[in-house]
2 protein chains.
Amino acid sequence: MIKELKENYGYLFEDSLLMEINSVGTFKELPEGFQLIDIGDYIKSMPLLVSGAVKILREDDKGDELLLYFIERGDTCAMTLSCCMGQKKSEIRAVAETPTKLIMVPVEKMSEWMGKYKSWQNFILQSYHDRMTELLEAVDAIAFLKMDERLFKYLKDKAMVNHNEVIQVTHQQIAFDMHTSRVVISRLLKTLEIEGKIELHRNSIKILDL
Amino acid sequence: MIKELKENYGYLFEDSLLMEINSVGTFKELPEGFQLIDIGDYIKSMPLLVSGAVKILREDDKGDELLLYFIERGDTCAMTLSCCMGQKKSEIRAVAETPTKLIMVPVEKMSEWMGKYKSWQNFILQSYHDRMTELLEAVDAIAFLKMDERLFKYLKDKAMVNHNEVIQVTHQQIAFDMHTSRVVISRLLKTLEIEGKIELHRNSIKILDL
DNA sequence: CTCAGTCAGTAACATTAGTTACACAGCACT
DNA sequence: AGTGCTGTGTAACTAATGTTACTGACTGAG
């Protein structure tokens, strides 16, 4: 695990902190689609992403979902942080978007290291800021963009975290993530294809205009 | 200023921290409508609210606005925090919703106190969590609610921070905050009145069903 | 190959929200 | 009272999004 730590967090943390993480953290590999956190869960440990990507979703009472943003290598889940702190329930759901490797750190350590390591403190605050910024971007997309623009942004974001201009996804799955209906997505995708921005295939979409 | 501090933050911070805040902070009174922070501003000090309320707005490139949430007594602006840290520009606009009293603290202190006072650390993290939660609520409203529900929620929230079931506002102002058009708001307000949930007057609305 | 299940395309329609245009009411000022 | 400005009500229309219903194409299991 120490190898992964140095590679992904070596530039952020001093050796002593890396050693601490190494001694209390547990390394995990998640398959695609694995659900790390559900809404209402109490969080006992926080994830440090080593590789892969995790998507963060919001859900309302009626079970309608909405994709908020992705978390990647070098990130952590800020929601998790605050949830641990106050022993609060998670407000979001986290699902592995791709096969993902991460290190789980017990929450008690988070607070302890805050006082002990300046670099950890910066990491946590920076993480909060990044997540906040991504949330604002999500708000922008929902509030200011029309469906076709949102859809294209979604496709590009998804291609980005998958490091591949071809994404494996069905229209129905997109509809879930964007909280709309499959028919709407099919319609708009077809338009995007006619505009030459994407290529449609069964179970996959190629983004041309990345 | 020490009186305001003790009243509003005494239960949070130990005396030594209160004294520090007192010695480096400046007390300010803002009139309604005063703009504390604009998008793109570099932040040099962070606000601790003593009384009143501040509304936090998001704006896109085309100048379209959207109300995100309100900040009240005992709160601070988490966006400010993260902006100071990284010397980044503000992503949001902050405008006094009511006449507001607050204490401005230089940003260098924020970081210094993080290591020095556990209570300050908790306050900052709690603040991030609260703001995150409010942002999520805003997302919920935009993504999952229909206009009429969003409007009624807006009216109730506004009545709440104004401590008054009668709010002074024009249809046009609501339209700005909710990023829609005046005609749409007028139409929906009329429906809400017919449903017996509100009473419409020139320049003011009374919320009956609080 | 056949069958069942999943996935995608499309039409027709319903609903919601945004736009344009105009009438008129309330209020301040003269 | 007359003038002008701001705020509100409403109709008629357009545009965007959501819904229902049906078609056929593709795929994997047997």
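What you are looking at is a predicted structure, and each value in this text was computed from that prediction instead of being measured. Each chain gets a letter, A, B and so on, in the order the sequences are listed, and its residues count up from 1. Note: hydrogens, waters and symmetry copies are ignored here, and every other heavy atom, side chains too, is used.
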Enquirer: With sequence neighbours left out, what residues match B:Gln168 under side chain to side chain donor-acceptor pair (under 3.5 Å)?
Expert: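 B:Gln168 satisfies side chain to side chain donor-acceptor pair (under 3.5 Å) with no residue once adjacent residues are dropped.
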
Enquirer: Write down the distance between CD (B:Gln168) and P (D:dT6), rounded to a whole number of angstrom.
Expert: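 Atom-to-atom, B:Gln168 to D:dT6, this comes out as 18 Å.
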
Enquirer: Measure from CG on A:Leu200 to C1' on C:dG9 and round the result to the nearest Å.
Expert: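 Value for this atom pair: 10 Å.
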
Enquirer: If the condition is side-chain contact (heavy atoms from CB on, under 4.5 Å), which residues does B:Thr26 pass it with, not counting sequence neighbours?
Expert: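 Scan of B:Thr26 (side-chain contact (heavy atoms from CB on, under 4.5 Å), adjacent residues dropped) gives B:Met104.
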
Enquirer: Taking only residues at least two apart or on different chains, which pairs with a member in residues 200-210 of chain B satisfy salt bridge (charged side-chain N to carboxylate O under 4.0 Å, His left out)?
Expert: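 Those involving residues 200-210 of chain B do not exist here.
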
Enquirer: Would you mind listing every salt bridge (charged side-chain N to carboxylate O under 4.0 Å, His left out) that reaches into residues 167-182 of chain B, with sequence neighbours excluded?
Expert: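 Applying salt bridge (charged side-chain N to carboxylate O under 4.0 Å, His left out) to every pair that reaches into residues 167-182 of chain B, excluding sequence neighbours, yields B:Lys55-B:Asp177.
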
Enquirer: When the axes are fitted on five pairs at both termini, how much does the helix from C:dC1-D:dG30 to C:dT30-D:dA1 curve, in 10° steps?
Expert: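 What I find for the helix from C:dC1-D:dG30 to C:dT30-D:dA1 is an axis angle of 30°.
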
Enquirer: Can you list every ring pair (Phe, Tyr, Trp, His ring centres under 6.0 Å) pair that touches residues 151-182 of chain A, not counting sequence neighbours?
Expert: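 Matches after skipping sequence neighbours: A:His179-B:Phe144.
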
Enquirer: Less than 4.0 Å between a side-chain N and a carboxylate O, is that true for A:Lys3 and A:Glu7?
Expert: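 Looking at A:Lys3 together with A:Glu7, the answer is yes, because their closest N to O distance falls below 4.0 Å.
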
Enquirer: D:dT17 C1' sits how many Å from A:Ile142 CD1, rounded?
Expert: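 It is 15 Å, rounded to the nearest whole Å.
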
Enquirer: If only atom types and distance count, is the side chain of A:Trp113 paired as donor or acceptor with the main-chain N or O of A:Gln121 below 3.5 Å?
Expert: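 A pair under 3.5 Å: no.
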
Enquirer: Under the salt bridge (charged side-chain N to carboxylate O under 4.0 Å, His left out) definition, can you give me all pairs with a residue in residues 158-169 of chain B, not counting sequence neighbours?
Expert: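 Passing the test, one end in residues 158-169 of chain B: B:Glu97-B:Lys158.
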
Enquirer: Nearest-Å distance, CD1 (B:Ile174) to P (D:dT6)?
Expert: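 Atom-to-atom, B:Ile174 to D:dT6, this comes out as 19 Å.
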
Enquirer: Who pairs with B:Glu108 by side-chain contact (heavy atoms from CB on, under 4.5 Å), at least two apart in sequence or on another chain?
Expert: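 B:Glu108: side-chain contact (heavy atoms from CB on, under 4.5 Å) contacts with B:Pro106.
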
Enquirer: A:Ser181: what forms a side-chain contact (heavy atoms from CB on, under 4.5 Å) with it, not counting sequence neighbours?
Expert: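 If we apply the side-chain contact (heavy atoms from CB on, under 4.5 Å) test to A:Ser181, skipping adjacent residues, the hits are A:Val183, A:Val184.
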
Enquirer: Could you tell me how far apart B:Glu193 (CD) and D:dT8 (P) are, to the nearest whole angstrom?
Expert: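 Distance check: B:Glu193 CD to D:dT8 P gives 12 Å.
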
Enquirer: How long is the line joining CD of B:Glu199 and P of D:dT8, in whole Å?
Expert: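 That distance rounds to 15 Å.
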
Enquirer: Which atoms of nucleotides 24-27 of chain D (N or O only) lie under 3.5 Å from a protein N or O atom, and what are those distances?
Expert:
| unit_1 | atom_1 | unit_2 | atom_2 | d |
| --- | --- | --- | --- | --- |
| D:dC26 | O2 | A:Arg202 | NH2 | 3.2 |

Enquirer: Would you please name every residue forming a side-chain contact (heavy atoms from CB on, under 4.5 Å) with B:Leu18, sequence neighbours left out?
Expert: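 If we apply the side-chain contact (heavy atoms from CB on, under 4.5 Å) test to B:Leu18, skipping adjacent residues, the hits are B:Leu5, B:Lys6, B:Tyr9, B:Phe13, B:Asp15.
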
Enquirer: Figure out the CG/P separation between B:Leu192 and D:dG9, and round it to whole Å.
Expert: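 Answer to the nearest Å: 12 Å.
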
Enquirer: Strictly under 4.0 angstrom, non-hydrogen atoms only: write out the protein contact profile of nucleotides 10-19 of chain C, one letter per nucleotide from the 5' end, B, S or -.
Expert: BBB---SSBB

